[in-house]
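Report on the following structure.
Whatever order the structure lists them in is the order used to number ligands and atoms, beginning at 1.
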Amino acid sequence: MCGIIGYTGKGDAVSVVLDGLKRLEYRGYDSAGVAYFTDGKIEIRRCKGKVNNLAGLLEEEKPASHTAIGHTRWATHGKPSEENAHPHRSHGIVLVHNGIVENYLSLKKTLIAEGYTFTSETDTEVLCHLIHKYSKGRPLEDAVRDALREVRGAYALAVVSEREEGKVVGVRKDSPLCVGLGEGEYFIASDVPAFFNHAKKVMFLNDGEMAVLTNDAVLVTTMQGGALRKEVATISWSPSMAEKGGYKHFMLKEIYEQPRAIADAVRGRFSVENGEVNLEEFGMAKDALESIGKIFIVACGTSWHAALIGKYIIEDIARVTVEVDIASEFRYRNPVIKAGDLFIAITQSGETADTLAAQKEARRLGAKVLSICNVVGSSSMREAEAVFYTHSGPEIGVASTKAFTSQIIGLYLFAIALGLAKKVVSAASATIMLQELLTIPDKVEQVLSGSEEIERIAKELFKAEDFIYLGRGIHYPVALEGALKLKEVTYIHAEGYPAGEMKHGPIALIDEELPVVFLAPQGSLHEKIASNIQEVKSRGGKVISLLTSGDTEVSGLSDYHISIPLSNTYLSTILMTVPLQLIAYHIGVLRGCDVDQPRNLAKSVTVE
Ligand code: AGP
């Protein structure tokens with residue numbers, strides 16, 4: 001959702017910024033633009049659509065510039081169009097913005113009365129007029145500070161001024177921004193992949209912090225102008241991790257990376273021999289775990305499905321009550337949460353506005369916060385007391401795949417640690433559960449080796465216009481995730497349901513055309529799900545079953561089946577998820593959809 005990149009240094013600023021925008025494409029956008037210094041002036045080029053269109057506009061000009069800012073816009077105020085695309089200008093002030101200016105209407109009214117003319121429908125345009133109003137020959141950073149005192153809402157900004165060539169001012173509130181420190185060149189961006197082929201050293205800005213980039217230095221200050229000493233982090237991701245590496249799409253690459261991602265998520269985090277989980281990995285002491293009263297898990301989208309799975313795992317293994325909330329609902333329902341409770345935020349990006357707001361609310365109410373997150377330096381991680389880093393590596397495909405399965409790993413390890421601390425799990429049973437965890441990367445490999453068969457099934461089904469996904473118990477959220485993945489990357493209507501609920505309504509949908517995907521692993525609910533399959537079959541429905549290898553009962557009832565290796569109930573959710581990701585992927589490709597950047601979606605949803 002909106003991407004920002006700014007550059008100042010000795011290099012070719014426009015190329016660096018265009019390359020950064022390409023690397024931010026995964027965030028989701030509908031228009032793009034760049035502003036660059038040339039001959040003492042700032043030129044702006046903008047367009048609707050993809051960064052490649054923008055690059056096309058600049059191809060002939062090949063501008064020689066050493067300072068530039070760029071933006072990918074995900075429309076909030078005003079349709080996707082060239083006029084609404086960023087950068088926006090007010091006289092010599094030019095800026096790009098991520099976020100929403102909540103009081104833009106009243107600011108706009110005042111600015112119009114003061115003589116400013118608006119050329120776009122955006123909320124952003126008020127910001128450049130406001131900064132211009134306060135500039136009056138003063139340094140850009142001072143004008144930005146003064147202007148922002150009048151602004152309510154969320155923002156990450158990169159601002160330049162024609163009077164101060166070589167300077168880029170970045171500032172944030174409730175929207176991510178980080179600074180890359182290269183060799184004699186500096187970057188400001190919404191996310192590290194925008195520049196990590198140029199700079200590995202990064203400073204993450206906190207709310208209310210400003211960075212002033214010039215040709216030879218970066219100064220970080222508070223909004224009052226006080227200098228700050230910032231910690232510099234070194235990014236270990238290699239640029240190739242954010243490239244397709246021979247795969248046709250990032251989504252496919254990331255599905256295939258899961259054995260590695262899971263191995264990385266478990267590495268060094270427990271001892272099988274002693275039946276122990278390394279608590280330092282959660283940043284929580286044993287007595288802190290022991291004293292947890294109740295747990296709230298809060299997340300959005302796919303991460304919310306991981307949260308639902310986490311409820312089953314934690315309640316079953318550790319016998320602690322867990323409530324799960326969709327983040328956008330949590331803070332508006334006046335939750336009964338208090339000191340002694342644990343709030344777990346699950347977020348791949350660590351920048352989802354709804355999850356962050358819920359996290360803040362939980363802290364305000366006195367709960368301890370654990371963040372299960374995939375992005376080091378993200379807001380969720382920095383604002384949590386305890387962190388479990390999922391180690392999946394950069395997830396570029398908008399549809400989350402490997403981050404989801406690694407979140408389940410985090411929840412499983414947490415449940416075992418909690419069960420041990422609460423003395424409801426013995427070291428011997430922890431050992432068995434941890435041993436099983438070590439087999440999962442190989443078992444996921446086995447599932448992936450059946451990709452051709454899954455593609456064949458996708459070819460039979462890709463013209464369907466509706467799908468139902470059914471599962472019971474812990475596999476009900478897996479059904480939700482299967483349906484979400486299909487919706488996201490194929491635009492086919494799909495619903496996930498608890499299989500036992502089907503007879504209370506959705507059964508009316510069953511006919512010869514409707515594919516019904518059943519999650520039917522071995523386990524205590526196997527017989528129940530087999531009966532649900534019978535109910536669909538007897539009404540002529542098309543059954544696709546995901547079953548445990550060797551289950552001839554369910555395969556005999558199914559039109560198509562996909563076998564997965566045997567595992568315990570908790571970890572079989574991971575093995576069931578992988579074929580669902582592949583079904584969605586193959587159907588999306590067969591339907592000609594942009595599986596990596598589906599329409600209307602953004603990778604990290606940084607507005608409420
Ligand atoms: C997943 O495929 C989605 N694109 C989306 O639902 C996502 O999981 C959700 O927006 C939450 O993102 P987060 O994990 O980064 O907080």
Is the gap between the ring centers of His198 and Phe187 under 6.0 Å?
yes
Could you give the side-chain donor-acceptor pairs of residues 405-418 under 3.5 Å, partners two or more places apart or in another chain?
from	atom 1	to	atom 2	distance (Å)
Thr405	OG1	Gln258	OE1	2.8
Thr405	OG1	Lys402	O	3.2
Ser406	OG	Ser392	OG	3.1
Ser406	OG	Lys402	O	3.2
Gln407	NE2	Ser303	OG	3.1
Tyr412	OH	Met433	O	2.8
Tyr412	OH	Asn568	ND2	3.0

Can you list, by chain and residue number, every protein residue with a non-hydrogen atom closer than 4.0 Å to ligand 1?
Cys300, Gly301, Thr302, Ser303, Thr347, Gln348, Ser349, Thr352, Val398, Ala399, Ser400, Lys485, Glu488
Looking only at the aromatic ring of each residue, does the gap between the centers of Tyr247 and Tyr256 stay below 6.0 angstrom?
yes
With Asn52 via side chain to side chain donor-acceptor pair (under 3.5 Å) - residues at least two apart:
Lys22
Can you name the residues that form a side chain to side chain donor-acceptor pair (under 3.5 Å) with Lys459, not counting sequence neighbours?
none
Under 6.0 Å between the ring centres of Phe296 and Phe343?
no
